[in-house]
Amino acid sequence: MRLATWNVNSVNARLETVLAWFETASPDVAVLQEIKCIDEKFPAEAFERLGYNVAVHGQKTYNGVAMLSKTPLEDVRKGLPGDDGDEQARYIEAVVSGPTPVRMVGIYLPNGNPIGTEKFAYKLGWMERLHRHAKALLAFEEPLVIAGDYNVIPDEQDVEKPKDWLNDALFQPESRAAYRALQNLGLTDAYMAADGAPGGYTFWDYQAGAWPRNNGIRIDHALLSPQAADRLKRVDIHRDVRGGEKPSDHVPVVVELDL
């Protein structure tokens, strides 16, 4: 089973690019972030024509996540538990049916900039809620994948120019510690387990020639429960998509499990 995550940076603005990748890569399951549209404006029919079941948790203009699966989605949850007042669409969860069902989670973790503001506090609070919910999900002892744009650079090997990010929320000690705390629950960083080579970047800013200079960062991650990590075969970062026509600033990451 091939499971993908991709921050598409507006699904409707880049629909041709996104559909072309799906037609070529044909993931079994995918979670998308920053779809930037309400549920009704998501181009569900275009994905259904490619054979996908669609679940959407959208928001006008900002944020928004979606899950696409070639097999039916069950027990769909929209929104991260723990704060009934949180109106930002950043979390979607479902059980992907099949011979070995997989609980798939798609997240768009808050950016948190600038540090020292309520935005950074929201980021850390969101990560605390994710930690609590992930702990509860792990108790099911089933294949679990929590994938998406984490907006966290875990380590210096995950950024081309660490000094440029010292004052950014993505690289703060608190953000990195919260990411490690998720791993300490028993979750495995799929890329580090399958490859782990420095430079596995998934994001290149549109500004200052970041892409041609390979000034990238790794912030799109998939964390696996022990039951999923035991079945991990490979992880592929589709960096070529960044050099294509009308690209997102993120690229797809595909995790292959032996299911």
Side-chain angles (χ1 to χ4, degrees), residues 4-19 21-22 30-47 54-68 76-94 104-130 133 146-153 165 167-172 174-175 178-179 202-207 210 217-222 241-242 246-253:
T5 177
W6 191 8
N7 180 323
V8 295
N9 192 15
S10 180
V11 67
N12 286 302
R14 305 183 202 286
L15 186 57
E16 289 187 13
T17 298
V18 173
L19 290 176
W21 181 81
F22 269 83
V31 287
L32 306 180
Q33 303 89 45
E34 272 200 281
I35 60 172
K36 296 184 179 180
C37 64
I38 60 174
D39 294 15
E40 294 77 12
K41 295 296 183 180
F42 186 84
E45 290 185 4
F47 289 98
V54 179
V56 182
H57 181 34
Q59 181 178 342
K60 186 177 181 180
T61 308
Y62 301 102
N63 307 322
V65 288
M67 188 178 302
L68 313 171
V76 176
R77 174 192 288 272
K78 300 179 181 182
L80 180 64
D83 183 357
D84 293 339
D86 186 0
E87 297 181 352
Q88 298 191 30
R90 295 181 174 274
Y91 183 96
I92 192 165
E93 172 190 326
M104 187 75 178
V105 173
I107 69 168
Y108 175 41
L109 205 147
N111 177 285
N113 281 302
I115 58 175
T117 69
E118 69 280 358
K119 292 184 178 180
F120 190 55
Y122 174 65
K123 178 190 187 81
L124 297 180
W126 205 95
M127 295 187 80
E128 289 179 5
R129 288 162 53 202
L130 180 62
H133 188 54
I146 304 176
D149 178 359
Y150 278 71
N151 268 318
V152 175
I153 305 169
W165 296 85
N167 295 316
D168 195 284
L170 279 63
F171 202 44
Q172 290 307 294
E174 299 94 331
S175 306
Y179 185 78
T202 63
F203 170 93
W204 295 261
D205 196 278
Y206 290 127
Q207 306 300 320
I217 56 177
R218 186 174 76 96
I219 56 174
D220 301 271
H221 311 301
V241 177
R242 182 62 176 83
K246 202 172 184 181
S248 169
D249 40 10
H250 297 250
V251 296
V253 178

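Keep in mind that what you see is a predicted model, and the values were worked out from it rather than measured.
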Closer than 3.5 angstrom, by distance alone: can the side chain of [X] be matched with the main-chain N or O of [Y] as a donor-acceptor pair?
X	Y	value
D149	Q33	no
K41	K60	no
N113	A169	yes

Within 6.0 angstrom of [X] [atom1], more than 12 heavy atoms from elsewhere:
X	atom1	answer
N167	CG	no
Y62	OH	no
K78	NZ	yes
E16	CD	no

Within this structure, what is the [atom1]-[atom2] distance for the pair [X] and [Y], rounded to the nearest 0.5 Å?
X	Y	atom1	atom2	result
I92	Y108	CD1	OH	16.0 Å
I219	H221	CD1	NE2	7.0 Å
H57	M67	NE2	CE	11.5 Å
T17	F22	OG1	CZ	12.5 Å
I107	I146	CD1	CD1	7.0 Å
Q207	D205	CD	CG	5.5 Å

Could you tell me whether the side chain of [Y] reaches within less than 4.5 Å of the side chain of [X], counting heavy atoms only?
X	Y	result
D220	W6	no
N9	H250	no
L15	F47	yes
R77	Y91	yes
Q88	W126	no
M127	V152	yes
K123	L109	yes
L170	S175	no

Under 3.5 Å side-chain donor-acceptor pair for H133 and E93 |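 Distance-only check passes for H133 and E93.
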With sequence neighbours left out, write down each residue that passes side chain to side chain donor-acceptor pair (under 3.5 Å) with D86, or none if nothing qualifies.
->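 Expected list: Y122, R129.
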Given T202, which of V253, N7, I217 fulfils the side-chain contact (heavy atoms from CB on, under 4.5 Å) condition?
->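 Single pass found, and it is V253.
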Distance-minimising heavy-atom pair for [X] and [Y]:
X	Y	answer
G106	V31	CA-CG1, 3.7 Å
P43	V11	CD-CG1, 3.8 Å
A210	W204	O-CD1, 3.6 Å
P247	R14	O-NH1, 3.2 Å
I35	G58	CD1-CA, 4.1 Å

